[in-house]
Engineer: 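My structure is below; once you've seen it, I'll send some questions.
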Amino acid sequence: MDVGTISLILLFGLFALLAIGMPLGFASGFLAVVTMVLKFGPDLLFRNFGTGPLGILSQRIYGVLTDYVLISVPLFILMATLLERSSIAKDMYESLNMWFSRTRGGIAVVTAVMAIIMAAMSGIIGGEVVLLGLIALPQMLRLGYNQNLAIGTICASGSLGTMIPPSIVLIFYGLTTETSIQALFQAAFLPGFIMGGLYIVYILVRTRINPDLAPLPEPSPGDLTGLDKIKAFGTLVGWIAGAIGVLVVASAIMHEVQNSVGVLRTGEYDPLDLTTVLIWAVVAVAGLLGPKLALPGFIVSKTWEMTRGLIAPMFIVVVVLGSIYGGFTGITEAAGMGTVAVLIIIILRGEFTFNLVKEASMRTFRSTGAIIWVTFGATALAGAYTIAGGPTYVANLIVGSDLGTWAVLGLMMIIFLILGCLMDWVGIVLLVMPVFLPIVLQLPIEEIGLLGGLAVDPRFVSVWFGVLFCVNMQVSFLSPPFGPAAFYLKSVAPPHITLPQIFKGFMPFIALQLFTLALIFFFPEITMAFRSE
């Protein structure tokens, strides 16, 4: 059978099977077998078992499922579930709330900032939306916040784990397309924080235009106000600068010790710049001791009370992202280190129980199992379709349609948005990327973006397209009828909040996501801000 007919059968077959409720993993696996039989026939396919097309397909599936980076997925999920079941996130929320309590829309801003920090810790969205729904939603509704604003803030911010590294979506994209995951993390860093920043700006502007959306809470006894709060913020900045100074000095000393004992190889030793180290030592001493000597004791103690809940989360972020961006470890090792760091913090806080670990492990097994089954089925279908010549057929169809570069890319974005409303991101990346990315790589690179900045490094096209895909999946988490963020929130929301009301609260935030998508689409240079040579 010709590949055009097979393509139509697959398209309608996939939607039909999903419509009757068959899980994506089983549906795609079944269609993979159908594709192979239609293309090669049962006799040719099974005549010499383990060889020919079936052998190629088996090797493809084995290669994906045994990739070392895949181990990071259950580790990040375990980290997220441990955070969800400990009080680390609750303490972080309380600390942020102290800093933003007298700001119009401050609770919503706290929710967005907390979501950004949690996204940088684990890269998971399901548990994050549930956690924010349990902690932040009752608080905002109690204070009289507009319901749509509260719902939209929680779900849009809670899904930032799609964009902000370490994103599991980026990990799967890198595995599927053989793109550097570290390059993807570097490229997605700025766009992820742009999107989070847009949420915060929207909240602040909207609540000032219409103050009734976010009433200010009554001041609590002992709250710092005015000049005292400015002094407290200066104290916090000093502590951060001091901590950085300590890290720089300790790193320099460690580098010298490693060189003296012969650990470093030739070319790895960079002589110690004594002046720089002395400057950072002064910064460390001034930042850590200066506030204690220069400010009243009650301001320093209140600053510590407002800050201590942020120390554990920021330590986890530094462990995970610092080890990746610093080049000390790979993605998998960073995930393991982050999980161990969370466990150590839970033990030190006296919250460790075997029941906590058991519940976190069981949820990790369930989530990982679901992802692996979808990966297995979707990889089989994508491999079968590739062997049948599907990607070449689709590429020739699109290239032969005489569409311009922007029209081709725009059509792909629309397809991503439509598919995101109907199916899981794992299936989309595994099924669609093997077809779309080769087409994108054939497009004239100077015609991508308004400024043609990708021409500086043609190898970066697949990285940029991966970030675009992640923004699309960010939209899909909020898009009806199957936006998963809505169902996550509904599971913990008060009974009077219905699914239609939840989807209604998403609309302004979906507009912000589409604006970010357009920004990266027309200005790919945004993804190159942290590109390593």
Side-chain angles (χ1 to χ4, degrees), residues 76-77 79-84 86-97 99-100 103 105-140 145 148-170 188-204 206-207 214 309-310 312-314 316-317 320-321 338 342 470-471 473-478 483-486 488-489 491-493 502 505-506 508-510 512-513 516:
F76 280 127
I77 295 175
M79 189 194 314
T81 52
L82 288 171
L83 288 168
E84 182 183 339
S86 71
S87 61
I88 295 174
K90 183 180 178 182
D91 289 350
M92 176 171 62
Y93 181 83
E94 291 176 353
S95 289
L96 290 171
N97 195 23
W99 282 104
F100 292 96
T103 303
I107 306 299
V109 172
V110 165
T111 302
V113 173
M114 178 177 172
I116 291 171
I117 296 174
M118 290 188 66
M121 285 193 283
S122 65
I124 306 293
I125 78 145
E128 192 172 331
V129 172
V130 170
L131 187 62
L132 293 173
L134 289 171
I135 296 176
L137 184 59
Q139 178 82 337
M140 285 193 275
Y145 272 58
N148 289 340
L149 178 65
I151 289 170
T153 300
I154 288 171
C155 290
S157 303
S159 60
L160 281 170
T162 308
M163 283 289 299
I164 296 176
S167 163
I168 289 183
V169 180
L170 288 171
F189 189 84
L190 182 58
F193 282 94
I194 286 176
M195 187 176 290
L198 286 174
Y199 294 163
I200 294 172
V201 170
Y202 168 76
I203 293 166
L204 293 174
R206 181 91 188 276
T207 54
L310 302 175
M314 295 311 298
I316 297 169
V317 171
V320 176
L321 294 185
V342 172
C470 274
V471 180
M473 293 304 98
Q474 177 87 11
V475 179
S476 77
F477 280 112
L478 306 186
Y488 288 134
L489 183 63
S491 67
V492 295
I502 292 176
F506 291 168
F509 293 91
I510 290 177
L512 293 174
Q513 291 172 340
T516 307

Engineer: Taking all atoms of both residues into account, what is the closest heavy-atom pair of Val129 and Ala485, and its distance?
Structural biologist: CG1-O, 3.8 Å
Engineer: Once side-chain hydrogen bond (donor to acceptor under 3.5 Å, both in side chains) is applied, do any residues pair with Asp91, and if so which ones, sequence neighbours excluded?
Structural biologist: Arg349
Engineer: Which value, rounded to the nearest 0.5 Å, describes the distance between Ile164 atom CD1 and Leu190 atom CG?
Structural biologist: 11.0 Å
Engineer: Please check this pair: side chain of Ser491 against backbone of Tyr488, looking for a donor-acceptor N/O pair closer than 3.5 Å.
Structural biologist: yes
Engineer: With heavy-atom distances below 4.5 Å as the criterion, would you say the side chains of Val471 and Pro191 are in contact?
Structural biologist: no
Engineer: Would you call Met163 and Val169 a side-chain contact if the rule is heavy atoms closer than 4.5 Å?
Structural biologist: no
Engineer: Looking only at non-hydrogen atoms, find the nearest pair between Gly338 and Val320 and report the distance.
Structural biologist: CA-CG2, 3.8 Å
Engineer: Please round to the nearest 0.5 Å and tell me the distance separating atom CG of Leu96 and atom CD1 of Ile107.
Structural biologist: 10.0 Å
Engineer: Hey, mind stepping through Leu83 and Ile316 against side-chain contact (heavy atoms from CB on, under 4.5 Å) and telling me if it holds?
Structural biologist: CA-CA 11 Å; Leu83 288 168; Ile316 297 169; 4.0 Å; yes
Engineer: Side chains of residues 150-158: which donor-acceptor partners sit under 3.5 Å, not counting sequence neighbours?
Structural biologist:
| from | atom 1 | to | atom 2 | distance (Å) |
| --- | --- | --- | --- | --- |
| Thr153 | OG1 | Leu149 | O | 2.7 |
| Ser157 | OG | Thr153 | O | 2.8 |

Engineer: Rounded at 0.5 Å granularity, tell me how far OG1 in Thr162 sits from CD in Gln474.
Structural biologist: 5.0 Å
Engineer: Where do Ile203 and Ala108 come nearest, in terms of heavy atoms and distance?
Structural biologist: CG2-CB, 3.7 Å
Engineer: Return the set of residues passing side chain to side chain contact (heavy atoms under 4.5 Å, CB included) with Ile200 (not counting sequence neighbours), or none when no residue passes.
Structural biologist: Val109, Ala112, Val113, Ile116, Leu204
Engineer: Please report the C-alpha distance between Val110 and Gln139 in whole Å, then the side-chain angles of each, then the deciding distance to 0.1 Å, and finally whether the side-chain contact (heavy atoms from CB on, under 4.5 Å) criterion is met.
Structural biologist: CA-CA 11 Å; Val110 165; Gln139 178 82 337; over 6 Å; no
Engineer: Partners of Tyr93 by side-chain hydrogen bond (donor to acceptor under 3.5 Å, both in side chains), sequence neighbours excluded?
Structural biologist: none
Engineer: Got a second to check how far Thr103's OG1 is from Asn97's CG, nearest 0.5 Å?
Structural biologist: 10.0 Å
Engineer: Looking at residues at least two apart in the chain, or sitting in another chain, which of them share a ring pair (Phe, Tyr, Trp, His ring centres under 6.0 Å) with Tyr199?
Structural biologist: Phe509
Engineer: Would Tyr145 and Thr207 count as a side-chain contact (heavy atoms from CB on, under 4.5 Å) if you check the C-alpha gap in whole Å, the side-chain angles of each, and the deciding distance to 0.1 Å?
Structural biologist: CA-CA 10 Å; Tyr145 272 58; Thr207 54; 5.7 Å; no
Engineer: Please give me the minimum heavy-atom distance between Pro166 and Ala119, naming the atom from each residue.
Structural biologist: CD-O, 3.7 Å
Engineer: Looking at every heavy atom in both Ala312 and Ile88, which two are closest together, and how far apart are they?
Structural biologist: CB-CG2, 4.3 Å
Engineer: What distance separates Leu478 CG from Gln513 CD, expressed to the nearest 0.5 Å?
Structural biologist: 4.5 Å
Engineer: Please find the pair of heavy atoms, one from Pro484 and one from Ser476, that lie closest to each other, and give the distance.
Structural biologist: CD-O, 3.8 Å
Engineer: Under the side chain to side chain contact (heavy atoms under 4.5 Å, CB included) test, which residues partner Thr516, sequence neighbours left out?
Structural biologist: Met195, Leu198, Ile520
Engineer: Kindly compute the distance separating OG (Ser167) from CG (Leu160), expressed to the nearest 0.5 Å.
Structural biologist: 10.5 Å
Engineer: Do Leu137 and Leu132 have side chains that get closer than 4.5 Å, going by heavy atoms?
Structural biologist: no
